[in-house]
Protein chains: 2
Amino acid sequence: MEKEEELLKSHITKHHLKATKERSAILKAFLDSERHVSAEALYRQMKDEGSTIGLATVYRTLNLFCSSGLAEQRRFGDGQARYELTYNVDHHDHLICKECDLIIEFENDEIEALQKKVAKENNFKVSSHRLELYGVCSECLKEKST
Amino acid sequence: MEKEEELLKSHITKHHLKATKERSAILKAFLDSERHVSAEALYRQMKDEGSTIGLATVYRTLNLFCSSGLAEQRRFGDGQARYELTYNVDHHDHLICKECDLIIEFENDEIEALQKKVAKENNFKVSSHRLELYGVCSECLKEKST
DNA sequence: TCTTACTTGAGAAGTATTATCAAAATCAGT
DNA sequence: ACTGATTTTGATAATACTTCTCAAGTAAGA
Ligand SMILES: [Mn+2]
Ligand SMILES: [Mn+2]
Ligand SMILES: [Zn+2]
Ligand SMILES: [Zn+2]
């Protein structure tokens, strides 16, 4: 059993929830999907492969993944939430291309440290943060110049 | 005429729009409102003072303020958009208390510079960014410890 | 003053997500 | 394996926020 399955299983047991084939199937599809997938996209992808699982269950299960520490929800400003696997994945922030929706992940320890400093200066206890840089990626810049 | 009125007026003229009493009233109310006000809150505030302007017009006009460079829209994750005056206001980011909705603004040039560096390393042309630190403010921390 | 184009308020519509509920599935204890 | 309590599911209703529609009203400028 993969480590993600184990984590989900332990969360399910601890909270007196139930292991279902729908949850397994959604987890498998989620692990196979591209990073930053939306509920709708995951639902559609599964449906195209024959799944009959409902959209509501996909939403419910992605929320369950978030509660269990497997995934995190992101909102990049286009209305729909995206979910990404964050279990055993280092913290990172995002560069988002507004032309082609490319998302580049980056880590910058200096920025992280400065954020902590800002929080401290304001006597703020930070529990989460979001840093997103919006613009145009190198590929789209190339296309634009032609 | 205040500088904000002038900016709006020039945008209106340039785009063959029309100066209306509704737009003036909403601008005045917006300038008097607290920073990071939502459309609904501004609408309610005006209504309480006798205005009969509709909610749709408040939304339309706040969007107009954004197009004209007077204001910017913010989304702090609680579903509703907020608008803040940014004309003649230096760029800044936000600390958001999840307990009491307090919003603290901060500027950090080192972080800004590092963001530019990250963008450059990825051949990305950044047009905007958002940095938000979520957590608990000092006041709420005090209350929690009692 | 006329004419044209823009704006308005009210409510309908749209979008993303969550809530409801009856039927089905899972699980713990026998 | 059987049973009964509890959870989960799919379909769809409901919700929340925002934009759209449209007929009536208003501003701009010749
Ligand atoms: Mn990511
Ligand atoms: Mn601000
Ligand atoms: Zn791109
Ligand atoms: Zn607080």
Side-chain angles (χ1 to χ4, degrees), chain A residues 5 8-30 36-47 49-68 71-83 101, chain B residues 5 8-30 36-47 49-68 71-83 101:
Chain A
E5 286 179 78
L8 181 60
K9 194 65 191 284
S10 83
H11 178 85
I12 282 175
T13 306
K14 182 187 288 180
H15 294 270
H16 309 293
L17 306 178
K18 290 175 181 177
T20 65
K21 51 187 175 310
E22 288 85 359
R23 286 172 176 167
S24 303
I26 295 170
L27 176 57
K28 187 170 292 178
F30 179 59
H36 318 111
V37 70
S38 68
E40 181 75 33
L42 187 59
Y43 166 71
R44 213 149 271 296
Q45 179 181 309
M46 293 183 74
K47 196 170 189 181
E49 289 172 8
S51 159
T52 59
I53 293 174
L55 178 57
T57 299
V58 173
Y59 270 105
R60 284 188 284 238
T61 306
L62 286 170
N63 286 335
L64 175 67
F65 293 171
C66 292
S67 321
S68 70
E72 279 177 39
Q73 191 188 64
R74 308 271 181 228
R75 290 186 170 278
F76 293 144
D78 66 338
Q80 63 190 338
R82 290 160 188 281
Y83 299 82
D101 295 325
Chain B
E5 287 179 78
L8 181 61
K9 193 65 191 285
S10 83
H11 178 85
I12 282 176
T13 306
K14 182 187 287 180
H15 294 271
H16 309 294
L17 306 178
K18 291 176 179 174
T20 64
K21 51 188 174 311
E22 288 85 359
R23 285 171 176 167
S24 304
I26 294 170
L27 176 56
K28 187 170 295 179
F30 179 58
H36 317 112
V37 71
S38 69
E40 180 76 33
L42 188 59
Y43 166 71
R44 213 148 272 293
Q45 180 182 308
M46 294 183 74
K47 195 169 190 182
E49 289 172 10
S51 159
T52 58
I53 294 173
L55 178 57
T57 299
V58 174
Y59 271 106
R60 283 188 285 239
T61 306
L62 286 170
N63 286 335
L64 176 66
F65 293 170
C66 291
S67 321
S68 70
E72 280 176 39
Q73 191 188 65
R74 309 268 181 230
R75 289 183 172 280
F76 293 143
D78 66 339
Q80 62 189 340
R82 291 159 187 282
Y83 299 83
D101 296 324

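Residue numbers begin at 1 in each chain, while the letters A, B, ... track the order of the sequences. All values reported here derive from a predicted model rather than from experimental measurement. Worth knowing before you read on, the calculation uses all heavy atoms, side chains too, and leaves out hydrogens, waters and symmetry mates.
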Could you measure the distance from the [atom1] atom of [X] to the [atom2] atom of [Y]? Nearest 0.5 Å is fine.
X	Y	atom1	atom2	result
B:Y59	B:L42	OH	CG	11.0 Å
A:H11	A:L64	NE2	CG	5.0 Å
A:E22	A:T52	CD	OG1	7.5 Å
B:F65	B:L8	CZ	CG	5.5 Å
B:Q73	B:S38	CD	OG	11.5 Å

Which of the following nucleotides, [options], is nearest to the side chain of [X]?
X	options	result
A:N63	D:dT8, C:dC6, C:dT18	C:dT18
B:A19	D:dT18, C:dA10, D:dA28	D:dA28
A:A56	C:dT8, D:dC17, D:dA11	D:dA11

* **C:dT7 OP1/OP2 closer than 4.0 Å to side-chain N/O of B:T57** => no
* Asked: Are A:K18 and C:dA28 close enough that a side-chain N or O sits under 4.0 Å from OP1 or OP2?
  -> no
Expressed as a whole number of angstroms, how long is the span from [X]:[atom1] to [N]:[atom2]?
X	N	atom1	atom2	result
B:R44	D:dA16	CZ	P	13 Å
B:L42	D:dC17	CG	C1'	16 Å
B:Y59	D:dA16	OH	P	12 Å
B:Y43	C:dA10	OH	P	7 Å

* For B:K21 and B:S38, take the nucleotide of DNA chain D holding the closest heavy atom to each; which residue's nucleotide lies nearer the 5' end? -> B:S38
* Between A:R23 (side chain) and A:K9 (backbone), is there a donor-acceptor pair under 3.5 Å? -> no
* For DNA chain C, determine which residues of residues 22-30 of chain B have any heavy atom closer than 4.0 angstrom to one of its atoms, and list them numerically. => B:E22, B:R23
